[in-house]
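Structure record follows, encoded as structure tokens.
In this text the structure is predicted, and so the values were computed from the model without any measurement. Letters go in sequence order (proteins before strands), and every chain restarts at 1.
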Amino acid sequence: MIRYNFKEIENKWQLFWNKNKSFKSKLDKKKNKFYCLEMFPYPSGKIHMGHVRNYTIGDVLSRYKILTGFNVLHPMGWDAFGMPAENAARENKLDPKDWTNKNIYTMKTQLKKLGLSIDWDREISTCSEDYYKHQQLFFLELFEKGLVYRKENYVNWDPVDETVLANEQVIEGRGWRSGALVERKKLNQWFFNISKFSQELLDGLETLKSWPNKVKTMQKNWIGKSFGCEIDFIIEGKLPIKKIKCFTTRPDTLFGFSFLALSVDHEISKFYEDNKDFKLFKNECSKTGTTEEAIAVGEKIGFKTDLIAINPLNPTQKVPVYFANFVLMDYGFGAVFGCPAHDQRDFEFAKKYKLKIKTVVRPHDEEETFEVNEEAYPGAGVLINSDFLNGLEAPEKSVIETINILEKKKLGKKQINYRLKDWGVSRQRYWGCPIPIAYDENGKTVPIPRSMLPVKLPENINLGVKGNPLDSQNDWKKIIINGKKVTRETDTLDTFVCSSWYYLRFCSPKEKQYGYTKEEIDYWMPVDQYIGGVEHAILHLLYSRFFMKALGYKNNEFNVDEPFKSLFTQGMVCHETYKDNNNNWLSPEEVDSNDGKKYFKKNKPDEKIIVGPSESMSKSKKNTIDPEEMINNYGADAVRLFILSDSPPAKDVQWSEQGMISSYKFINKLWNMHNLIMEKLKDNEENKNFSEDINKYTNQLVDKINFNLEKFNYNVIIANLYQTYNFLNEKLKYKIDAKNLKKNYIKILTIMSPVIPHFTSECLEILGENQFQNWPKVNNKYLENEIVNIVIQINGKKRGVINVNKDINESNLIKEIKKDDKLNKFFDVNKISKTFFVKNRLMNILIK
RNA sequence: GCCCUCGUGGUGAAAUUGGUAGACACAAAGGACUUAAAAUCCUUGCCCUUUUGGGAGUGCCAGUUCGAGUCUGGCCGAGGGCACCA
């Protein structure tokens, strides 16, 4: 028998698909489309196992949809701008472009080795001018629509590298690369007005039926809608301040008012700028603000002003006004009314400064004399000590009633607030999409005219300088627009902007005039299935949803509101971690074991290894497995099979070398079985043995696979394939009808093909069949068995199984039970008090 | 602190959605073939019984039901998200 030569066979089919453009997609209005998209990779150098898992899941789905007759769009591209290229280039004195393109080449070659059904003619790269010129045009459009603006904002500033850092690049208050203490600095930044769409983005979530609830909840929390009211507090004091506006969700607790707290950035702070103590206080606040932990355990501190605030519902009550560290300027109005009895934060503040704590909500199960003393009570109850509000149900009724009263008295008005902040898109970096803006001598904004697009990145620049390299490019910066000398914006766009519309570009990757054509968008969008990691649950997915709404804003260009109809988030690929006695991480190749229990350093049995928990593969922990090596050793089909086999795609999967080997062996077993089948098919004799069995098995298998494909139970599909092998292998021991076997075998190869396409293409070719077969239809006739196993329970306990013809009725079943000696042992037919009969499945007999 | 998700053999996991718990695979132990190894194949897997059998059993405690891994309530544990959001 010929050994299965996976190298040769996989290479052969990959060349075939490439040469014949087997996965090229064309707009065809007569056919139903299916747009399958996986999150595109950052070209960091080589693909990792996470990519293998992500793209295998998408590939199985795409190939399945192709065979069921859909016009499938399955593209791939590169999220090619970003910091790593700039850093790598700086370290190795390279051009970021060269570094990136080299990586793209390597990774593309690797992806091709996986045998993915990608339409490579649609490949895009966000760092190419063909891509980012359209993005610059979008920027100008959004600017004209008023969805882009510039304002001063605080950023994380690395004083050593002279650059802005993203929040995740600040580790324990220090820059991740320089290690310098990060400062809060005010800078002029460009913003996308995403908060304008807060309500729409929230409403849109309701329409996304096929998104994981987890992701929807995360976005919902991120948008953070809250219902309440704004209240004007009358202020008394020496300053020229008459009133302060606050936002609150609990106006009903106004009678528990005890202080008013302001953010240190509140406009009133300008009156205190010369106050030494206030300066010290402000400084203290900025110190505690940096790390998350400091915030969590942070003490509430305040600075008492000489102002007095008046309770709008009880003008005789006057309370002090403080600046406080826990009040944020960019939420609400930067001012909070303090009700210590019913807000924990206010409670802690009141305790510290010995302010009055007045209980105004009594929980339903408490006495009339209930008083808050150990901690605030934010829950439901009845209003007390609140004059004309007494007796109202809190919070639902009381909040609405209080807002009505405030509105009537013109003291406040109903308001809805969102936590979602506008998206700052400026980055002081070279390797990104240039912002198509310039400034004149007076600093006035001048958009770059469309005729001057694209704004190309200058080449051959010196990356060795501190700060943004574009800033020192004078010949690039200084230009003339309409005869006027202007200076270019040197910031580039956040790379999340690039990934916010790439799904549109895949529909029209070659279009020159605009980022896409309407005709193609109308046909292909929305993405029917989007697949990627849950780490993008908020930012990337929210930005993409925003971008679609922003592009369609005012001209209602799109037929669809949401870019991604269904979302699937796959789990991570994990591996055990290893450390030696000196606490150094070791890679799996450096570790060996004789019995699978005790581990030691390879070739050094005396040096013991500490085996750590299985964690997500990462270079820093050295617990990575190189996909290319696995493909070289075991073949792409085996790797695809294994990455799907052990765990449901939504959960983390443990990489196991043993599991990998067993997948490899399985392909070889299938090959041996294939050769056995080829032998059997030479036998033209018509032996009807087992034909019905095989027909039935195949139909039931197809039915199961369909079900499991739709639900992403890919691990169960692999189990179904193993069962199929076990079934067929058993049947092949006997004589078998050749014609019928072939018919069923083709079906079986077809349903295997999304997972192991190289293998099935080869087998189908040997059989003289096309590798792309129509997906088999299920014949309902074969779904039910003539003989069924009925479980017999006595008083709810399983006592036996009876094999009978299907659809047997209850009385006939009881007759059968009477004949069964084993069952009769357990009960006396005359003592049956009640039976529960589930047709073709179960009978529960209750005995007196 | 708040929100979400999940607890099934030594391990990864199945369970037609309320009806035979542990499919399929990994690891382990025993065996067959072989001079031997590799490869391949078979058997076993908690407790009682020599076998036939029987019992317990899906984190823990209650409940609903003829029947609960699945539904309800409470508790315990693990993982993830958010961060003073008024």
Which nucleotide wins on minimum distance to the side chain of [X], given the candidates [options]?
X        : options             : answer
A:Arg799 : B:G54, B:A86, B:A39 : B:G54
A:Val791 : B:A15, B:A14, B:U20 : B:U20
A:Asn726 : B:C84, B:C24, B:U40 : B:C24
A:Met218 : B:C24, B:C82, B:G81 : B:G81
A:Asn789 : B:A23, B:C41, B:U20 : B:U20
A:Arg841 : B:U16, B:A86, B:C84 : B:U16
A:Gln723 : B:U17, B:G12, B:A23 : B:A23
A:Asn221 : B:C3, B:G12, B:A13  : B:C3
A:Pro648 : B:A14, B:A25, B:A39 : B:A14

Distance in angstrom units between [X] [atom1] and [N] [atom2], rounded:
X        : N     : atom1 : atom2 : result
A:Glu535 : B:C82 : CD    : C1'   : 17 Å
A:Glu657 : B:U11 : CD    : C1'   : 17 Å
A:Trp222 : B:C2  : CH2   : C1'   : 16 Å
A:Lys798 : B:A15 : NZ    : C1'   : 14 Å
A:Arg345 : B:A83 : CZ    : P     : 15 Å
A:Asn720 : B:U16 : CG    : P     : 13 Å
A:Leu721 : B:A14 : CG    : P     : 16 Å
A:Lys352 : B:C84 : NZ    : P     : 19 Å

Side-chain contact, heavy-atom cut-off 4.5 Å: A:Leu721 with A:Met752? yes

Sequence-distant partners of [X], side chain to side chain donor-acceptor pair (under 3.5 Å), two or more places apart:
X        : value
A:Gln199 : A:Asp203, A:Lys225, A:Tyr418
A:Asn699 : none
A:Tyr331 : A:Ser226
A:Lys352 : A:Glu299

Mind checking if [X] touches a base, just sugar-phosphate, or nothing, with heavy atoms under 4.0 Å?
X        : value
A:Ser226 : sugar-phosphate
A:Lys220 : nothing
A:Lys797 : sugar-phosphate
A:Ser645 : nothing

Going by purine N1 to pyrimidine N3 plus the second Watson-Crick contact, or the G-U wobble pair, all under 3.5 Å, which nucleotide sits opposite [N]?
N     : value
B:A39 : none
B:U5  : B:A78
B:U58 : none

Kindly state each residue pair satisfying salt bridge (charged side-chain N to carboxylate O under 4.0 Å, His left out) with at least one member in residues 715-728 of chain A, sequence neighbours excluded. none

How would you list all residue pairs meeting salt bridge (charged side-chain N to carboxylate O under 4.0 Å, His left out) that involve residues 709-726 of chain A, not counting sequence neighbours? none

Measure up the A:Phe712 and A:Tyr714 rings against each other and bin them: parallel (under 30°), tilted (30 to 60°), perpendicular (over 60°). tilted

Euclidean distance for [atom1], [N] against [M] (whole angstrom):
N     : M     : atom1 : result
B:G12 : B:A27 : C1'   : 11 Å
B:C42 : B:U49 : C1'   : 26 Å
B:G19 : B:G31 : C1'   : 39 Å

Can you give me the closest heavy-atom contact between A:Ser663 and A:Ser645, atom names plus distance? OG-OG, 4.5 Å

Is there a donor N/O on one and an acceptor N/O on the other, under 3.5 Å, for the side chain of A:Lys651 and the base of B:C6? no

Tell me every residue that passes ring pair (Phe, Tyr, Trp, His ring centres under 6.0 Å) with A:Tyr725, counting only those two or more places apart in sequence or in another chain. A:Phe666

Who passes ring pair (Phe, Tyr, Trp, His ring centres under 6.0 Å) against A:Trp423, sequence neighbours left out? A:Phe192, A:Tyr543

Under 4.0 Å from OP1 or OP2 of [N]: is there any side-chain N or O of [X] that close?
X        : N     : result
A:Gln658 : B:A27 : yes
A:Ser647 : B:A13 : yes
A:Asn325 : B:C84 : no
A:Arg3   : B:A39 : no

Would you tabulate the pairs of protein nitrogen or oxygen atoms and nucleotide nitrogen or oxygen atoms of nucleotides 63-74 of chain B closer than 3.5 angstrom?
{"from": "B:C66", "atom 1": "O2'", "to": "A:Asn844", "atom 2": "ND2", "distance (Å)": "3.2"}
{"from": "B:C66", "atom 1": "O2", "to": "A:Asn844", "atom 2": "ND2", "distance (Å)": "2.6"}

Are the charged groups of A:Arg345 and A:Glu348 less than 4.0 angstrom apart, N to O? no

Regarding A:Glu786 and A:Lys806, does a basic nitrogen lie under 4.0 Å from an acidic carboxylate oxygen? no

Below 4.0 angstrom, which residues in residues 327-337 of chain A have at least one non-hydrogen atom near RNA chain B? A:Val327, A:Leu328, A:Tyr331, A:Val336

Residues from residues 251-267 of chain A lying under 4.0 Å of RNA chain B - heavy atoms: none

Relative to its sugar, using the 90° cut-off around 0, the base of B:G9 is syn

Which label fits B:U40, syn or anti, where anti is any glycosidic angle not within 90° of 0? anti

Residue closer to the 5' end of RNA chain B, A:Lys669 versus A:Asp646 (nearest nucleotide): A:Asp646

Walking RNA chain B from its 5' end, the first of A:Gln654 and A:Lys665 to be reached, judged by nearest nucleotide, is A:Gln654

Please set out all donor-acceptor pairs under 3.5 angstrom arising from side-chain atoms of residues 653-661 of chain A, sequence neighbours excluded.
{"from": "A:Gln654", "atom 1": "OE1", "to": "A:Ser614", "atom 2": "OG", "distance (Å)": "2.3"}
{"from": "A:Ser656", "atom 1": "OG", "to": "A:Gln658", "atom 2": "N", "distance (Å)": "3.4"}
{"from": "A:Ser656", "atom 1": "OG", "to": "A:Gly659", "atom 2": "N", "distance (Å)": "2.7"}
{"from": "A:Glu657", "atom 1": "OE2", "to": "A:Tyr634", "atom 2": "OH", "distance (Å)": "2.9"}

The ring pair (Phe, Tyr, Trp, His ring centres under 6.0 Å) partner of A:Phe259 among A:Phe233, A:Phe349, A:Phe337 is A:Phe349

